[in-house]
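Here is the structure we will look at, set down as structure tokens.
Counting convention: from 1, in listed order, for ligands and their atoms alike. Index from 1, following the sequence.
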Amino acid sequence: MEVAAERWMDRALRMAKEALENGEVPVGCLMVYNNEILGKGRNEVNETKNATRHAEMVAIDQVLDWCHQHDKDPAEVFAHTVLYVTVEPCIMCAAALRLMKIPLVVYGCQNERFGGCGSVLNISSANLTDTGEPFQCIAGYRAEEAVDMLKTFYRQENPNAPKSKVRKKECHK
Ligand SMILES: [Zn+2]
């Protein structure tokens, strides 16, 4: 792994840690174009109460904003953008990455629950003629750190999950 890539993944891992500290699934990512970060994101599903706000979707929106602000063609920008993400993109995000035609994804650990780059489905390289372009993956980079954070998250009780007794009491008020 080249030095620049190491730096990007280090940064993505720090964002995953921030997600974990905020009660979110610990995933962090960066979108890098011409050695510049155009978009970054961490999972913010609980904070936004929106199940689609995965790190990758947050980062895609930031890149689109950047393109808009700098009068650049998103198709050209995404075609030369690399995604660095701590966890294998899920099925939804892998399909979004195909539609944006991002060519390369560097990721850490496998996503055994929802992975779209081989773990559950192989959206990244599937022959899907009407869903953008397949993309290349480099997997396993600092996977141990990424998976440790996921384990920590799933071991904790999710503070945002409905607690049946508490909720019932609230309903009677
Ligand atoms: Zn996702």
**Study point:** Heavy-atom closest pair, residues P26 and L20
**Key:** CB-CB, 3.9 Å
Point to revise | Contacts of the Zn ion (ligand 1) with protein N/O/S atoms, counting only those under 2.8 Å | key: H54 ND1, C90 SG, C93 SG
**Study point:** Residues clustered with V147, ILVMFWY side-chain links under 4.5 angstrom
**Key:** none
Review point. Other than L99, which residues form its hydrophobic cluster under the rule that side-chain heavy atoms must be closer than 4.5 Å?
Key: none
Point to revise | Cationic tip of R113 above Y154 ring, under 6.0 Å, 45° of axis | key: yes
**Study point:** N111 side chain reached by V27 side chain, heavy atoms, under 4.5 Å
**Key:** no
Point to revise | Of all pairs that satisfy salt bridge (Lys or Arg N to Asp or Glu O under 4.0 Å), the ones with a partner from residues 57-72, not counting sequence neighbours | key: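 Residue pairs passing salt bridge (Lys or Arg N to Asp or Glu O under 4.0 Å), neighbours aside: R53-D61.
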